[in-house]
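Below, all heavy atoms of this structure are taken into account, side chains as well, without hydrogens, waters or symmetry copies.
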Amino acid sequence: MDRDRQNQPQGQAAGEPRRRDVVLMALLGIAVLAVLAFSGELSAPAFLAGALALAALGVVYFLIAASGSDPSPMPQIAPVRHEAVPQTSEILVERLPIPVLLIGPGGRIERANPAARAFLGLGAERGLLSTVLRQPRVLEAVSVALRGERGATVEYSTVAPLESHVRAFIEPIRLDVTGPMPFRAMMVLADDTSSKRAERMRADFLANASHELRTPLASLSGFIETLNGPARDDEEARERFLGIMQVQTDRMRRLINDLLSLSRVEMNEHVPPTGDVDLSLLVQEVVESLSPVALRRSIKLSIGQCDTKTVVRGDRDQLFEVVENLLGNAIKYSSDEAEVCVCVYHDRTRDSAEQAHERLTPDSGRLTLTSPVLDADQRYGVVRVRDAGAGIERRFLPRLAERFFRVDGQKSGPRSGTGLGLAIVKHIVNRHRGGFSVESAPGIGTVFSVFFPVSDSGAEANSTVESKVATSTDA
Ligand code: ADP
């Protein structure tokens, strides 16, 4: 037989494995399409069209070969051509953005497309599957497929070094080869990590939202029962309970308003705003609207050195909400008679916007909660809110913009927070392609800064004026 092979023309000898490769790759392509169609990632018409095209390619190739005209125009240099001009089905599998592997006898990786190499961190050499994927159920399914028995879908998860959730589709493929091991295992990997994570976040969010609403509801229903029963004729108890019920109802209203606000912001986060907003004017309006709250606790609310006419690109109502949340927090988390100061700066680069003020202390905690993509030509208008409250420990800073996060044991008065304010700020800032950062030192205070792209039309109008105190409350 060896002699027969030697007697064959060189092109024919080289053409035979190539023909086999083409058929194998066509089969592999059809199997990949079938797996994608089976997993719902490919529609039935697309699957049929792809499968027919690949099958037709294989048949045409065979017919040409059978009629004696080898489709290779230069059979003598077939091995080189094989490297230089890959076949259509091979290109198809190579270009697929989904990891596809062909596993041979002993669990050796025979082929892996670039997506698979990147996904599994495979180098140039292709070793054993078990050295790159230590998932016993996957390896077991591969062994079963290599025996030609059946295919399987195996889900697996990893937690280290990174969390990931993957579905592995494994199918046996019979090759046109003689010998005891004619089967290969085709493996297609589907990365479900982001959908699983989104699913979990949705579930956590619903659980948190219902928990937050259930607590005041339970308390309201308890008071209603008491007022209907034992405390029916107790005037003093009724007054006290009605007061508590009012607080709980206000809390529920705030929670529902914040949830609605968050979902509105999320819905249009991908659409950048188009309006122009004068930040200095906006800050003055927010200060005026919150000064009665500050006044009640004798807190001195002031506008520090400000650049006037800092016009940024934005949605006025949303920017009002951002400044109101930050200033509201500064008042809420300050002790009575403390000072809260808000400043506006213009014409900052991204980096100077993030450091738009002196540090509170040399070792204060600092964190960027969200930041825009670097654009050297872009200038930003900055709002900075500083308080002299209890401050936030460094370890809590990364969690500040998480939904429902509240620092334990912090005093915030009767208007206890919902834990949604800073999450709303972060989403609005993202929609505006701006930035958001925090600096805090326990016992010294906290500074929150937000910045937004300066509007083209308002850029020239910006100028600096002297500081001005807006509200002095102790009078
Ligand atoms: P909340 O409605 O609870 O204030 P936020 O999302 O606005 O929710 O804030 C999240 C948490 O961050 C607050 O519960 C509080 O613990 C902390 N925090 C926010 N702003 C300040 C501040 N200026 N000083 C101290 N702690 C703050």
Taking Val154's backbone N and O only, do any of them form a donor-acceptor pair with Arg137's side chain (distance below 3.5 Å, no angle check)? no
Donor-acceptor side-chain pairing of Ser261 and Glu321 below 3.5 angstrom: yes
Once rounded to the nearest 0.5 Å, what's the spacing between atom OG1 of Thr418 and atom CZ of Arg254? 7.5 Å
Of all heavy-atom pairs between Gln378 and Val454, which one has the smallest distance, and what is that distance? NE2-N, 3.6 Å
How close do Ile109 and Ala112 get, counting heavy atoms only, and between which atoms? CG2-CB, 4.1 Å
Is it true that a side-chain atom of Ser219 and a backbone atom of Thr215 form a donor plus acceptor pair closer than 3.5 Å? no
In Å and rounded to the nearest 0.5 Å, what is the CD to CG distance from Glu288 to Leu301? 10.5 Å
In terms of heavy-atom contacts, Leu189 and Ile98 come closest through O-CG2, 3.4 Å
Classify the angle between the aromatic ring planes of Phe452 and His432 as parallel (below 30°), tilted (30 to 60°) or perpendicular (above 60°). perpendicular
One should read off an interatomic distance between Arg399 CZ and Leu422 CG, to the nearest 0.5 angstrom, of 13.0 Å
Taken to the nearest 0.5 Å, the spacing of Glu225 CD from Leu220 CG works out to 12.0 Å
For the residue pair Tyr380 and Pro372, establish whether any side-chain heavy-atom pair is separated by less than 4.5 Å. yes
Starting from the C-alpha separation in whole Å, work towards a yes-or-no answer on side chain to side chain contact (heavy atoms under 4.5 Å, CB included) for Asn329 and Asp387. CA-CA 9 Å; Asn329 275 353; Asp387 65 57; over 6 Å; no
Between Glu269 and Arg433, the two heavy atoms sitting closest are O-NH1, 3.4 Å
d(Glu266 CD, Leu262 CG) to nearest 0.5 Å is 4.5 Å
Could you pull out the closest heavy-atom pair between Pro172 and Arg150, with the gap in Å? CD-C, 3.7 Å
ring-ring contact (aromatic ring centres under 6.0 Å, His included) filter on Phe320, not counting sequence neighbours, yields none
Donor-acceptor pair, Arg316 side chain versus Gly275 backbone, under 3.5 Å? no
Worked check of side chain to side chain contact (heavy atoms under 4.5 Å, CB included) between Leu133 and Met187: CA-CA 12 Å; Leu133 194 62; Met187 185 160 83; 3.9 Å; yes
Tell me, do Arg111 and Val93 make a side-chain contact under 4.5 Å, heavy atoms counted? no
Please answer whether the main-chain N or O of Ala330 pairs with a side-chain N or O of Ser334 as donor and acceptor at a distance below 3.5 Å. yes
Quick one: side chain to side chain contact (heavy atoms under 4.5 Å, CB included) partners of Ile392, sequence neighbours excluded? Phe396, Leu397, Leu400, Val407, Gln410, Ser440, Thr446, Phe448
I'd like to check Phe451 versus Val383 (side-chain heavy atoms, cut-off strictly below 4.5 Å). Are they in contact? no
Are any of the side-chain heavy atoms of Glu163 and Arg197 separated by less than 4.5 Å? yes
Can Arg403 and Glu212 be counted as an ion pair, charged N to O under 4.0 angstrom? no
A side-chain contact here means heavy atoms from C-beta on lying under 4.5 Å apart; do Val323 and Glu285 qualify? no
Check against side chain to side chain contact (heavy atoms under 4.5 Å, CB included), Arg253 and Asn257: CA-CA 6 Å; Arg253 192 182 310 119; Asn257 284 345; 3.9 Å; yes
Any side-chain heavy-atom pair of Ile428 and Phe436 under 4.5 Å: no
For residues Leu213 and Met252, report the shortest heavy-atom separation together with the two atoms involved. CD2-CG, 4.3 Å
Indicate yes or no for a side-chain donor-acceptor contact from Arg313 to the backbone of Val277 under 3.5 Å, with no hydrogens or angles considered. no
Hey, is CZ on Arg134 packed in by over 12 heavy atoms from elsewhere, all under 6.0 Å? no
For the pair Arg350 (side chain) and Val373 (backbone), establish whether a donor and an acceptor sit closer than 3.5 Å, ignoring hydrogens and angles. no
Between Thr193 and His165 (side chain of the first, backbone of the second, donor and acceptor by atom type, cut-off under 3.5 Å), is there such a pair? yes
Is the side chain of Gln318 donor-acceptor paired with the backbone N or O of Val265 at a distance under 3.5 Å, no angle test? no
Gap between atom CZ of Arg200 and atom OG of Ser195 - 0.5 Å precision: 11.0 Å
Considering only residues two or more places apart or on different chains, which pairs with a residue in residues 418-432 satisfy salt bridge (charged side-chain N to carboxylate O under 4.0 Å, His left out)? Asp315-Arg431
Apply side chain to side chain contact (heavy atoms under 4.5 Å, CB included) to residues Phe119 and Leu101 and explain how you reach the verdict. CA-CA 11 Å; Phe119 192 77; Leu101 297 106; over 6 Å; no
Has Arg379 got a side-chain atom pairing as donor or acceptor with Ala376's backbone, closer than 3.5 angstrom? yes
